[in-house]
**Q** 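One structure, as structure tokens, below. Some questions next.
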Amino acid sequence: MKTLGFIGGGNMGSAMLGGIIKAGLLKSEDITVADLSQAALDKVKEAHGVNVTTDSADVIKNCDAFIIALKPHIVAPALKPLAELVREDQLIISIAAGKQICQLEEIFGSDKKIVRIMPNTPALVGEGMAGICSNKNVSAEELDEVKKIFESFGEAEIVTEKLIDAVTGVSGSGPAYVFMFIEAMADAAVLEGMPRPQAYKFAAQTVLGSAKMVMETGMHPGALKDMVCSPAGTTIEAVKVLEEKGLRAAVIEAIHECTKKSIELSK
Ligand SMILES: NC(=O)C1=CN([C@@H]2O[C@H](COP(=O)(O)OP(=O)(O)OC[C@H]3O[C@@H](n4cnc5c(N)ncnc54)[C@H](O)[C@@H]3O)[C@@H](O)[C@H]2O)C=CC1
Ligand SMILES: O=C(O)[C@@H]1CCC=N1
């Protein structure tokens with residue numbers, strides 16, 4: 001793939017764009033972003049020097065593959081009128097939550113190559129997590145090429161389409177829960193007298209380091225937790241409160257509701 005387009009250059013579109021350019025996989029001049037908002041286009045042009053247009057047809061006509069980064073309810077009304085411009089050899093990559101491959105086939109035709117992906121915003125800093133699936137028209141080589149793009153700004157795994165709603169619940173929407181957790185930890189440190197910028201650093205680095213331990217040691221998270229909890233020590237006092245307040249149940253229920261909403265969006 002030599003040229004890549006984005007239809008929608010908002011939060012997620014620009015996060016992926018930032019990741020791709022930082023990784024050096026494609027040059028700015030080979031990327032085109034279409035958005036109706038001139039402010040969004042000015043922002044991505046200034047940050048990344050990519051080509052910009054207010055006409056999504058330019059992207060479809062000029063790119064080997066394009067990523068649909070529009071809000072789910074906008075996808076059909078915005079792109080159905082342009083569907084006849086799509087070529088059979090072109091890769092259509094959608095990141096819209098709840099938009100199933102069969103719904104994308106209704107828009108573009110079941111003969112088209114369609115990839116459905118659920119990424120997340122940490123793509124912006126090269127630490128994204130994406131779940132990828134596709135229809136039967138996409139070859140293994142093409143899917144691998146798409147996977148490599150998403151791996152250029154984090155981790156990516158091929159999953160069955162059935163799992164994409166769970167991917168949305170855990171990693172697509174997940175950064176929001178983690179940011180809430182970091183904010184709450186920092187608030188607690190501020191309560192104890194720590195200056196706020198320092199509190200964010202202590203909280204965020206603790207989350208980063210803990211996540212790295214899970215990824216790099218391969219140890220069970222429960223065993224890693226046990227390593228921190230000294231008998232009759234400080235940590236177990238906090239753990240007791242988190243269990244009493246239902247941290248685990250809250251997280252499980254929250255992700256379940258998020259996953260349910262992703263399923264509902266596809267109806
Ligand atoms: N924000 C996130 O963390 C994630 C979002 N997604 C998915 O990404 C998609 C985009 O979400 P966000 O980037 O958060 O939304 P956003 O609202 O930040 O970006 C959407 C962009 O589309 C533009 N737009 C609206 N109508 C248009 C049209 N007809 N033609 C061209 N551009 C148009 C808007 O001006 C805006 O810049 C959604 O489908 C969402 O489900 C997926 C994973 C994570
Ligand atoms: O909240 C949303 O609908 C999108 C999908 C995943 C993350 N943000």
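Note that the coordinates shown come from a computational prediction; the quantities given were computed from them, not determined experimentally.
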**Q** Can you see which heavy atom on A199 is nearest to which on V190, and at what distance?
**A** CB-CG2, 3.9 Å
**Q** Dump the intermediate steps for side chain to side chain contact (heavy atoms under 4.5 Å, CB included) on I93 and I68, then the final yes or no.
**A** CA-CA 6 Å; I93 303 164; I68 303 169; over 6 Å; no
**Q** Nearest heavy-atom pair of P175 and G172: which atoms, and what distance?
**A** CD-O, 3.6 Å
**Q** Answer yes or no: is there an ion pair linking K260 with E257, defined by an N-O contact shorter than 4.0 Å?
**A**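 Salt bridge: yes.
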**Q** Honestly curious: do I31 and L124 fall in one hydrophobic cluster under the side-chain, below-4.5 Å linking rule?
**A** no
**Q** Please evaluate residues V159 and I132 with respect to the criterion side chain to side chain contact (heavy atoms under 4.5 Å, CB included), reporting the C-alpha separation (whole Å), side-chain torsions for both, the decisive distance (0.1 Å), and the verdict.
**A** CA-CA 6 Å; V159 295; I132 303 178; 6.0 Å; no
**Q** NZ/K113 to CG/L143 distance, rounded to the nearest 0.5 angstrom?
**A** 11.0 Å
**Q** Could you work out, with salt bridge (Lys or Arg N to Asp or Glu O under 4.0 Å) as the rule, every residue matching E127, not counting sequence neighbours?
**A**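 For E127, no residue satisfies salt bridge (Lys or Arg N to Asp or Glu O under 4.0 Å) once neighbours in sequence are set aside.
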**Q** Measure from the side-chain N and O atoms of D35 to the backbone N and O of T53, and report whether any donor-acceptor pair falls under 3.5 Å.
**A**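 Here the side-chain-to-backbone pair does not exist.
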**Q** Mark yes or no for whether N120, through its side chain, and M129, through its backbone, hold a donor-acceptor pair below 3.5 Å.
**A** yes
**Q** If you measure from SG on C63 to CG on D58, what distance do you get to the nearest 0.5 Å?
**A**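 Output value for this atom pair is 9.0 Å.
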**Q** Just to verify, which of L91, I67, I92 counts as forming a side-chain contact (heavy atoms from CB on, under 4.5 Å) with V115?
**A**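 Result: among L91, I67, I92, L91 is the only option passing the side-chain contact (heavy atoms from CB on, under 4.5 Å) with V115.
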**Q** Starting from the C-alpha separation in whole Å, work towards a yes-or-no answer on side chain to side chain contact (heavy atoms under 4.5 Å, CB included) for M213 and M227.
**A** CA-CA 12 Å; M213 279 182 85; M227 279 165 58; 4.2 Å; yes
**Q** Is it true that I114 and L82 fall in one hydrophobic cluster, defined by side-chain heavy atoms closer than 4.5 Å?
**A**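 Linked, I114 and L82 end up in one cluster.
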**Q** With distance as the sole test, does S14 use its side chain to make a donor-acceptor pair with the main-chain N or O of G10 at under 3.5 Å?
**A** yes
**Q** Does M219 CE have over 12 foreign heavy atoms under 6.0 Å away?
**A**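 Counting other residues, nucleotides and ligands, CE of M219 exceeds 12 neighbours.
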**Q** Strictly by modelled atom types, are E237 and T234 linked by a side-chain donor-acceptor pair under 3.5 Å?
**A** no
**Q** If you look only at distance, which donor and acceptor atoms sit under 3.5 Å apart when one is on a side chain in residues 98-108 and the other is two or more places apart or in another chain?
**A**
from	atom 1	to	atom 2	distance (Å)
Q103	OE1	Q100	N	2.8
Q103	NE2	S266	O	2.6
E105	OE2	N135	ND2	3.0

**Q** Do the side chains of E151 and K147 get close enough for a salt bridge, i.e. N-O under 4.0 angstrom?
**A** yes
**Q** Answer with yes or no whether the hydrophobic clustering places V50 together with F153; edges join I, L, V, M, F, W, Y residues whose side-chain heavy atoms lie under 4.5 Å apart.
**A**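 Yes, V50 and F153 fall within the same hydrophobic cluster.
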**Q** What I'd like to find out is whether the side chain of V138 reaches to under 4.5 Å of the side chain of V146, using heavy atoms alone.
**A**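 No, their side chains stay 4.5 Å or more apart.
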**Q** Give the minimum heavy-atom separation between M185 and T206, together with the two atoms involved.
**A**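 Nearest pair, atom of M185 first, then T206: CE-CG2, 4.2 Å.
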**Q** Are side-chain heavy atoms of D30 and L4 found at a separation under 4.5 Å?
**A** no
**Q** Using 0.5 Å steps for rounding, measure from the NZ atom of K45 to the CD atom of Q38.
**A** 10.5 Å
**Q** For S139, is there any backbone N or O sitting under 3.5 Å from a side-chain donor or acceptor partner on E142?
**A** yes
**Q** Quick one: side chain to side chain donor-acceptor pair (under 3.5 Å) pairs with a partner in residues 214-228, sequence neighbours left out?
**A**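 Found none.
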**Q** So do I95 and M16 actually touch side chain to side chain, heavy atoms under 4.5 Å?
**A** yes
**Q** Got R116 and I164 here, is their nearest side-chain heavy-atom distance under 4.5 Å?
**A**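 Yes - at least one pair of side-chain heavy atoms lies under 4.5 Å apart.
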**Q** Which heavy-atom pair separates A34 from V59 by the least distance, and what is that distance?
**A**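 Closest pair (atom of A34, atom of V59, distance): CB-CG2, 3.7 Å.
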**Q** Which pairs, with at least one residue in residues 176-188 and sequence neighbours excluded, count as a side chain to side chain donor-acceptor pair (under 3.5 Å)?
**A**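 As it turns out, the side chain to side chain donor-acceptor pair (under 3.5 Å) pairs with a partner in residues 176-188, which skip direct neighbours, are D187-R196.
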**Q** So does E253 have more than 12 non-hydrogen atoms from other groups sitting under 6.0 Å from CD?
**A**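 Incorrect, the count does not exceed 12.
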**Q** What's the separation between atom CG in L79 and atom CD1 in I7, rounded to the nearest 0.5 Å?
**A** 5.0 Å
**Q** Is any side-chain heavy atom of T32 less than 4.5 Å from a side-chain heavy atom of V52?
**A**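 No, too far: nothing below the 4.5 Å cut-off.
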**Q** If you count the non-hydrogen atoms of other residues, nucleotides and ligands that lie under 6.0 Å from CD in Q198, is the total more than 12?
**A**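 Atom CD in Q198 is crowded, with more than 12 foreign heavy atoms closer than 6.0 Å.
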**Q** Of the non-hydrogen atoms in G8 and A69, which two are nearest, and what is the gap between them?
**A** O-CB, 3.5 Å
**Q** Measure across T168 and S262 and return the closest heavy-atom pair with its distance rounded to 0.1 Å.
**A** OG1-OG, 3.7 Å
**Q** How far does CG of L242 sit from CD of E244, to the nearest 0.5 angstrom?
**A**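 Going from CG on L242 over to CD on E244, the span is 9.5 Å.
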**Q** So does G174 get a backbone contact from the side chain of S171, meaning a donor-acceptor N/O pair under 3.5 Å?
**A**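 No: the side chain of S171 does not pair with the backbone of G174.
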**Q** Within the 4.5 Å heavy-atom criterion, are L26 and T3 side-chain neighbours or not?
**A**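 Answer no - side chains too far apart.
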**Q** Is there a path of hydrophobic side-chain contacts, each under 4.5 Å between heavy atoms, that joins F179 and V251?
**A** no
**Q** Do M118 and L163 sit in one hydrophobic cluster, given that two such residues count as connected whenever their side-chain heavy atoms are within less than 4.5 Å of each other, even indirectly?
**A**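 Both belong to a single hydrophobic cluster.
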**Q** Quickly, which of V44, I21, N51, L17 forms a side-chain contact (heavy atoms from CB on, under 4.5 Å) with S28? Name it, please.
**A**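 Looking at V44, I21, N51, L17, the match for S28 under the side-chain contact (heavy atoms from CB on, under 4.5 Å) is I21.
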**Q** For F66, which residues count as a ring-ring contact (aromatic ring centres under 6.0 Å, His included) partner, sequence neighbours excluded?
**A** none
**Q** Should C229 and V239 be marked as a side chain to side chain contact (heavy atoms under 4.5 Å, CB included) after you check the CA-CA gap, both sets of side-chain angles, and the distance that decides it?
**A** CA-CA 9 Å; C229 295; V239 168; 3.9 Å; yes
**Q** Within a radius of less than 6.0 Å around CD of E46, do more than 12 heavy atoms belonging to other residues, nucleotides or ligands occur?
**A**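 No, the 6.0 Å shell around CD holds no more than 12 heavy atoms from other groups.
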**Q** Taking the side chain as everything from C-beta on, heavy atoms only, tell me whether Q90 gets closer than 4.5 Å to D64.
**A** no
**Q** Quick one: are I158 and C133 in side-chain contact, heavy atoms under 4.5 Å?
**A** no
**Q** For residues 70-89, which residue pairs pass the side chain to side chain donor-acceptor pair (under 3.5 Å) check, not counting sequence neighbours?
**A**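 Every candidate side chain to side chain donor-acceptor pair (under 3.5 Å) pair involving residues 70-89 fails, so no pair, neighbours aside, qualifies.
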